[in-house]
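Below is one structure, written out as structure tokens; comments come after it.
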Amino acid sequence: LFRGLFDTALTDTITLGNFLLCVGVSLLLGLLLCGMTVWRSRFSRSLIVTLAILPAVVCVVILMVNGNVGAGVAVAGAFSLVRFRSAPGSAREIGAIFAAMGAGLMAGMGYLGYAVLFTLILGGVTMAYHVLGFGGGKNVLRCRTLHITIPEDLDYTGVFDPVLEQYAARSELKQVKTTNMGSLFKLTYDLTLRDGGQEKALIDALRQRNGNLEISLYQQETGAAGL
């Protein structure tokens with residue numbers, strides 16, 4: 001089961017049966033890996049379809065290269081151009097794409113047993129990490145990004161520090177920019193709340209200092225999440 005289909009001898013042609021077998025297994029692995037990756041998660045429809053068919057695409061490319069180093073380098077260069085013309089995704093999405101490419105690569109080389117084993121192990125580990133909440137500790141769940149709108153005549157230096165020290169274990173001013181034709185300022189803070197249940201109290205306290213202008217508080221997206 002774990003021997004390659006093309007280990008017996010170097011051949012210049014690939015039989016139709018082996019081609020269909022490798023592509024069929026790649027499609028099944030794509031569906032399996034896709035289902036295990038998106039389990040209890042939200043992904044775009046385009047990414048789901050991509051994960052389902054990507055192993056078969058990589059498999060066909062490897063089958064057609066068939067040991068030709070020059071053709072392999074040319075194909076790798078062509079695929080690298082796709083990265084520069086696509087919108088950057090999150091680290092998890094890019095990781096899922098690399099996993100699908102790895103499964104397709106093994107299937108294209110004829111190691112179908114290892115491709116199935118790789119898919120089951122990686123998909124199972126992904127599901128286990130999701131169930132265990134790996135990488136999502138209590139501090140991460142309490143991280144928030146705060147936007148505060150203030151009038152231009154308000155000196156924002158230190159004016160919100162007493163409130164933030166009361167409700168947040170950590171606060172950092174990340175950005176200051178003008179808005180509404182320069183008549184307003186918009187401050188952006190990264191916070192780690194002491195208690196996630198006191199969000200309304202925090203907003204009410206800030207409203208008393210910014211003249212009841214717009215305030216928004218949402219789950220923080222860390223910069224390390226994207227590649």
Set of residues satisfying side-chain contact (heavy atoms from CB on, under 4.5 Å) with respect to Phe185, sequence neighbours excluded
Ile150, Glu152, Val176, Thr178

Which atoms form the tightest heavy-atom contact between Ala107 and Ser26, and what is the distance?
CB-OG, 3.2 Å

Scan residues 150-171 for pairs that pass ring pair (Phe, Tyr, Trp, His ring centres under 6.0 Å), counting only residues two or more places apart or in two chains.
none

Quick check for you: to the nearest 0.5 Å, what is the distance between Leu173 atom CG and Thr188 atom OG1?
8.0 Å

Specify the closest pair of heavy atoms between Thr37 and Ala96, including all atoms of both residues, with the distance to one decimal.
CG2-CB, 3.9 Å

Shortest non-hydrogen contact from Thr119 to Ala103?
OG1-CB, 3.8 Å

Using ring centroids (six-membered ring only for Trp), state whether Tyr189 and His147 fall under 6.0 Å.
no

Residues two or more places apart in sequence or in another chain: which of them pass side-chain contact (heavy atoms from CB on, under 4.5 Å) with Leu47?
Phe43, Ser44, Leu51, Glu93, Ile97

Indicate the atoms forming the closest heavy-atom contact of Ser171 with Leu164, along with that distance.
OG-CB, 4.0 Å

Restricting to pairs with a member in residues 158-176, which pass salt bridge (charged side-chain N to carboxylate O under 4.0 Å, His left out), not counting sequence neighbours?
Arg170-Glu172, Glu172-Lys174

Any salt bridge (charged side-chain N to carboxylate O under 4.0 Å, His left out) pairs touching residues 178-207, not counting sequence neighbours?
Arg144-Glu199, Lys200-Asp204, Asp204-Arg207

Using a side-chain heavy atom cutoff under 4.5 Å and only I, L, V, M, F, W and Y, what cluster partners does Leu184 have?
Leu213

